[in-house]
Amino acid sequence: QVQLIESGGSLVQAGDSLTLSCAASGRAFDRYTMGWFRQAPGKEREFVARISRSGGNTYYAGSVKGRFTISRDNAKNTVYLQMNGLKPEDTAVYYCAADSYGWSSAKSQYDYWGQGTQVTVSS
């Protein structure tokens with residue numbers, strides 16, 4: 001029903017900025033809470049940020065609060081993650097996900113997932 005495709009991942013240096021995009025195909029993009037998660041090698045997938053259906057509410061993991069900004073453009077069926085002040089510990093595969101009904105940080109609550117995009121931050 002919904003396909004999500006992340007893009008924008010790259011190899012960057014510590015302190016750099018990078019913007020990830022997630023393009024959604026399918027109807028009613030604005031009915032979904034959208035989230036960003038990440039997974040580093042050997043670690044579990046963890047919550048990064050989420051944004052409400054209209055974009056009026058956002059929530060961030062403490063590790064990225066103040067550095068990352070999630071936004072969405074419902075006219076373009078796209079959600080973004082602006083990452084500033086990147087650190088080596090931000091290195092991970094970043095995934096976007098869509099939640100049909102909730103407002104949750106739990107990955108189990110999200111219904112659709114993209115394939116991920118690699119972000120590597122060198123020190």
Side-chain angles (χ1 to χ4, degrees):
Q1 293 182 337
V2 177
Q3 291 184 317
L4 304 174
I5 302 177
E6 303 94 337
S7 62
S10 183
L11 171 63
V12 299
Q13 295 181 337
D16 282 355
S17 296
L18 192 65
T19 299
L20 306 181
S21 298
C22 176
S25 63
R27 60 182 295 177
F29 174 72
D30 60 358
R31 295 182 184 177
Y32 297 92
T33 291
M34 297 297 298
W36 284 98
F37 293 75
R38 67 187 183 186
Q39 187 167 21
K43 297 183 179 180
E44 295 185 359
R45 192 169 300 186
E46 66 175 356
F47 169 80
V48 175
R50 64 177 182 265
I51 187 167
S52 60
R53 297 171 182 178
S54 65
N57 295 100
T58 58
Y59 185 77
Y60 300 90
S63 59
V64 306
K65 188 179 300 182
R67 298 189 297 121
F68 290 11
T69 301
I70 187 171
S71 61
R72 67 192 296 164
D73 187 339
N74 288 346
K76 297 181 178 179
N77 280 18
T78 303
V79 62
Y80 306 93
L81 186 67
Q82 173 67 47
M83 304 182 293
N84 298 323
L86 284 163
K87 305 174 181 179
E89 51 262 45
D90 295 319
T91 295
V93 176
Y94 283 71
Y95 300 88
C96 64
D99 178 0
S100 300
Y101 300 103
W103 181 243
S104 177
S105 300
K107 53 184 179 291
S108 62
Q109 297 299 307
Y110 286 76
D111 304 299
Y112 305 102
W113 294 83
Q115 292 295 308
T117 185
Q118 177 71 49
V119 174
T120 302
V121 184
S122 63
S123 60

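A quick note: this is a predicted structure, and the numbers were derived from the prediction, not measured.
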Same cluster for L4 and Y95 if Ile/Leu/Val/Met/Phe/Trp/Tyr side chains link at under 4.5 Å?
no

Measuring from atom CZ of F37 to atom OH of Y110, what distance do you get when rounded to the nearest 0.5 angstrom?
4.5 Å

Separation between OG1 (T117) and CG (L20), nearest 0.5 Å, reads 6.0 Å

Closer than 3.5 angstrom, by distance alone: can the side chain of [X] be matched with the main-chain N or O of [Y] as a donor-acceptor pair?
X	Y	answer
S17	N84	no
T33	G102	yes
Y94	L81	no
R53	R31	yes
T78	K76	yes
S104	A106	yes

Residue pairs involving residues 89-113 (criterion salt bridge (Lys or Arg N to Asp or Glu O under 4.0 Å); sequence neighbours excluded)
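Counting only pairs at least two positions apart or across chains, the salt bridge (Lys or Arg N to Asp or Glu O under 4.0 Å) contacts touching residues 89-113 are R38-D90, R67-D90.
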
No-hydrogen, no-angle side-chain donor-acceptor test under 3.5 Å, Y112 and Q1:
yes

Will you find, in the side chains of T19 and Q82, an N or O donor that is under 3.5 Å from an N or O acceptor?
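Present: a donor and an acceptor within the cut-off.
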
Does the structure place the NZ or CZ of R72 under 6.0 Å from the centre of the six-membered ring of Y80, at an angle of no more than 45° from the ring's axis?
no

For the residue pair R50 and W36, would you count it as a cation-pi contact if the rule is NZ or CZ under 6.0 angstrom from the ring centre and within 45 degrees of the ring axis?
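Not flagged: R50 not positioned over aromatic ring of W36.
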
Considering non-hydrogen atoms only, spot the tightest contact between T69 and Y60 and give its length.
CA-OH, 3.3 Å

Run the side chain to side chain donor-acceptor pair (under 3.5 Å) test against T120 and tell me which residues pass, sequence neighbours left out.
Q118

Test side chain to side chain donor-acceptor pair (under 3.5 Å) applied to Y32 - qualifying residues, sequence neighbours left out
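Residues passing side chain to side chain donor-acceptor pair (under 3.5 Å) with Y32: none at all.
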
